[in-house]
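In what follows, a structure is listed as structure tokens, so that the remarks can point back to it.
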Amino acid sequence: MSEEKRHTIQTQLLAWYGQNKRDLPWRKNKDPYRIWVSEIMLQQTRVDTVIPYFERFMKLFPTVEDLANAPEEQVLKAWEGLGYYSRVRNLHQAAKQIVHEGDGKIPSDKKSILKLKGIGTYTAGAVLSIAFDQKIPAVDGNVMRVFSRLFAIEEDIASGTTRKKMESLVERVMPEEAPGDFNQALMDLGATICTPVSPGCLLCPVRSVCEAYEKGMEEQLPVKKKAKPPVQQEMVMVFFQHQNLFIGEKRPEQGLLAGLWGLPTFEIPKGDHHLTIIEKFCKENRIPALNYIIKGEFQHVFSHRHWKVTVVEVELKNTGFDLPTSWSWLEKEKREEKTWANVYHKAFKTERKKV
DNA sequence: CACGCGTGGGG
DNA sequence: TCCCCAAGCGT
């Protein structure tokens, strides 16, 4: 790479950022805790979605100590609807590490910060450069896209080796001064101008040194392998209820919607009928079901699974029987408080519909 | 290194 | 309606 190209990217990008940077709540100061929380929320998640969550989260847990001392239920609740829930479980765990095992401060060296759950190469670079002014790359999807175009890199950006290559490129281009601004400028450029489709090249501050623009291949880059299609699954969610009580299920600590409260959910084997599954389950577990009512169905798409969910109401004769360990009786009034993913809220909507 | 892990928005 | 995504990480 020529010295001229490096210089152009540095100066043009920083100048552009000075004029065009977005006014975002986590940019009000350089508090490492705020930067950290914002970076975790922003993983695979759009800025507009994150903003209200960030504001609420900071009111609830203004410092890392507040977060560490908060009950897990409250922390998970604050993340409700944001998705990728392992992020918040890791965040909470890391806060406890910092407060109870460390000195109560976010580590400012790469080796230590990478030991925290939920902080990988990208997030470490973002926090260290933005909050601690260290010259460390923060290569996310935006930066990969910008650099794959600037240098016409046709390798699959999903591969690990390509990302390493990008990191060393960014490292070479980064200025000594304002590394945090430089990283954020790259991300803002990727988010607002160097977009995945129909990029705004005519507005781009680094168009003059962009190889993809020169070759007219900005729409073809970056190269990214296609994800495989989601698995289709038929599910049943059940409202087991008796008087003002219903049964909630705490999901396993690992896997889909890990650790979240919701409704007992069953997968229907192909060719089976949903009521057959529920009836069999009740019989085997000596659950005193009085009747089964199909309330309706809805679709829910995860990144890698597609659920068709049938909602069933089961009236129970009494509460005097043993529940599976992950199930608990909850008050109906607390339904909305006790269910922490959008897929359950869809079930409530279906339930409230008239039959 | 491939896979699992949510959700809502835009073209 | 459909498809692509958006500031990744842990295993």
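Each chain gets a letter, A, B and so on, in the order the sequences are listed, and its residues count up from 1. Owing to the predicted nature of the structure, the values given are computational and were not obtained by experimental measurement.
Closest to the A:Tyr85 side chain, of the nucleotides C:dG8, B:dT7, B:dC5, is B:dT7. Here the nucleotide nearest the side chain of A:Ser303, chosen from B:dG6, C:dG8, B:dG9, is B:dG6.
Counting any heavy atom pair closer than 4.0 Å across all strands shown, A:Trp26 reaches a base atom. Residue A:Ser159 is classed as having no contact, given no heavy-atom separation below 4.0 Å to the nucleic acid. Residue contacts shown for A:Thr123 are limited to sugar-phosphate atoms, with no base heavy atom under 4.0 Å away. Looking at heavy-atom distances under 4.0 Å, A:Val143 makes no contact with the nucleic acid at all. Residue A:Leu91 is classed as having no contact, given no heavy-atom separation below 4.0 Å to the nucleic acid. Contacts of A:Gly81 with the nucleic acid, taken as non-hydrogen atoms under 4.0 Å apart, involve only primed sugar atoms and P, OP1 or OP2. Counting non-hydrogen atoms under 4.0 angstrom, A:Ile119 reaches the backbone sugars and phosphates but no base. In this structure, A:Val301 reaches the bases: a heavy-atom distance under 4.0 Å links it to at least one base atom across the strands shown. Nucleic acid contact class of A:Thr49 (heavy atoms, under 4.0 Å, all strands): none.
A stem is defined here as three or more consecutive Watson-Crick or G-U pairs, each with both distances under 3.5 Å; for DNA chain B these stems are B:2-5 with C:8-11, B:7-11 with C:2-6.
Judged by distance alone with a 3.5 Å cut-off, a donor-acceptor contact links the side chain of A:Thr45 to the base of B:dG6.
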